[in-house]
Amino acid sequence: MEKVVTMAGPINSGHIEEEIKRALSESAGAATKGSLFNLIIFKQAFREFGIDSSLNYILGKRPARIIFIDSGFPGQSQAVVSARCYPGSTDGAVCFEEVHIQNGDDDIGRDPGFWSSLIIREIPLYVWWLESLVPFPEVFSQIDELADRFLINTGVNESLDEDPFQIVQSLAFQLNKNPSMSFADFSWQRIRPLRKGTAALFEPEAERHYLTEIEAVVLNGGNSSEGLLYFLWLAERLGWQLKNRERNKLLMDKSDGVGIVLNHENKGSLESGFLLELYIRGGDRMALQCSGDNCALISSPDSGKRTMAVQLLSQGEILLREVDSLEADLLYHKALARSAAI
């Protein structure tokens, strides 16, 4: 059950806090557990991107203060207060304390001065950004000192017709300018099966020498963002240097100076399956294929075919992982930096 109160004009944080308490009381009907983190969600009005299902996944697992900032409303910016709770143990229900800010024509709803007083200061703050990243948003620098991490999804921005490579380069530039800034990308987490499977290909000691003999890489499946991040991860792990970009291909130099082409073909959802092919000097081929739920087929020159279990995480599962950790993913940051070579 929700208790909704609309407030127009500048936020009165004391009033909002009282309304949150009232909404919690009516939703939970008992004691509630204290919030573990703040989550600020920036998006355009009426665009959901699976937010509700993701929050429902963590509802009952982690109590939180969630502030939605939806842009594109007419008139004056205003705030709507609500709460949703999941029955907890005897020490209290697990609830989301929610403030929905409707950013109006005055555009003050996005201003940190409008909503920052609602942040619970003693707990982490995550910013989930579901708007354009081109050009890089100025608000990031305005709230960098408040935010522990910025959560993005280059796959979402790809659906907004933005170039994933341009976004990745922009993120790399920001990290170079401000190393204390921390980013996490849902698309990076979604390619975890690809990264894990690639590592498994070379796990047997007898096959590790093939790492220096890769002549070409072809990925079938996944969207452009996922393919790009996978190729940058591979380059970071193997010390390859990006030299050029041609449509779906990245041209790189290996550590011995020999060129290599990484090609992304037949793009689609990872859930529909993917095939990774690594072409080895001398005509050999190593492959990682997923053609069903949580199923991967591995083949390699010396060991033949092996199987391994993989799991494609849902957006809710990824969100839970991110809010449970304060540590920056330095490998992801290093992979981003590989894009800055051109």
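The figures that follow rest on heavy atoms only: side chains count, while hydrogens, waters and symmetry mates do not. Please read all numbers here as calculations on a predicted model, not as lab measurements.
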Kindly indicate whether the side chain of [X], heavy atoms from C-beta on, has any atom under 4.5 Å from the side chain of [Y].
| X | Y | value |
| --- | --- | --- |
| Ile40 | Trp128 | no |
| Gln102 | Phe68 | no |
| Val139 | Gln142 | yes |
| Glu131 | Pro137 | no |
| Lys267 | Asn223 | no |
| Leu194 | Leu276 | yes |
| Ile69 | Phe114 | no |

Tell me, please, which residues at least two apart from [X] pass ring pair (Phe, Tyr, Trp, His ring centres under 6.0 Å).
| X | value |
| --- | --- |
| Tyr279 | none |
| Tyr210 | none |
| Phe274 | none |
| Phe231 | none |

Do Glu271 and Arg190 sit within salt-bridge range, that is, some charged N less than 4.0 Å from a carboxylate O?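 A salt bridge links Glu271 with Arg190.
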N-O pairing of Arg65 and Glu17 below 4.0 Å: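 So Arg65 pairs with Glu17 through a salt bridge.
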Just wondering, more than 12 heavy atoms not from [X] lying within 6.0 Å of its [atom1]?
| X | atom1 | answer |
| --- | --- | --- |
| Lys254 | NZ | yes |
| Asp256 | CG | yes |
| Arg192 | CZ | no |

Residues 154-174 vs ring pair (Phe, Tyr, Trp, His ring centres under 6.0 Å), sequence neighbours excluded, gives none
In short, ring pair (Phe, Tyr, Trp, His ring centres under 6.0 Å) pairs touching residues 321-342 with sequence neighbours left out are Trp188-Tyr332
Tightest non-hydrogen contact, residues Leu151 and Leu319, listed as CD1-CD1, 3.9 Å
Requested in this report: Provide the closest heavy-atom pair for Ser225 versus Gly155 in the form atom of the first, atom of the second, distance.
Outcome: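 That would be OG-N, 3.6 Å.
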Listed partners of Ser180 passing side chain to side chain contact (heavy atoms under 4.5 Å, CB included), at least two apart: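 In terms of side chain to side chain contact (heavy atoms under 4.5 Å, CB included), with neighbours along the sequence ignored, Ser180 is linked to Asp144, Asn178.
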Sequence neighbours excluded, the answer for side chain to side chain donor-acceptor pair (under 3.5 Å) partners of Glu265 is Asn263
Residues forming a side chain to side chain donor-acceptor pair (under 3.5 Å) with Ser269, sequence neighbours excluded:
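By the side chain to side chain donor-acceptor pair (under 3.5 Å) rule, Ser269 matches Ser272.
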Please report, to 0.1 Å, the donor-acceptor pairs under 3.5 Å made by any side chain of residues 240-247, with sequence neighbours excluded.
from   : atom 1 : to     : atom 2 : distance (Å)
Arg245 : NH1    : Asp163 : OD2    : 3.2
Arg245 : NH2    : Asp163 : OD1    : 2.9
Arg245 : NH2    : Asp163 : OD2    : 3.2

Applied to residues 37-59, the salt bridge (charged side-chain N to carboxylate O under 4.0 Å, His left out) test, sequence neighbours excluded, yields Lys43-Glu48, Lys43-Asp70, Asp52-Arg84
Sequence neighbours left out, what pairs pass salt bridge (charged side-chain N to carboxylate O under 4.0 Å, His left out) with at least one residue falling in residues 330-342?
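Listed by first then second residue: Glu236-Arg338.
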Centroid separation under 6.0 Å, is that true for the rings of Trp129 and Phe150?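 No.
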### Message
Tell me whether the rings of Phe73 and Phe46 are parallel (<30°), tilted (30 to 60°) or perpendicular (>60°).
### Response
tilted
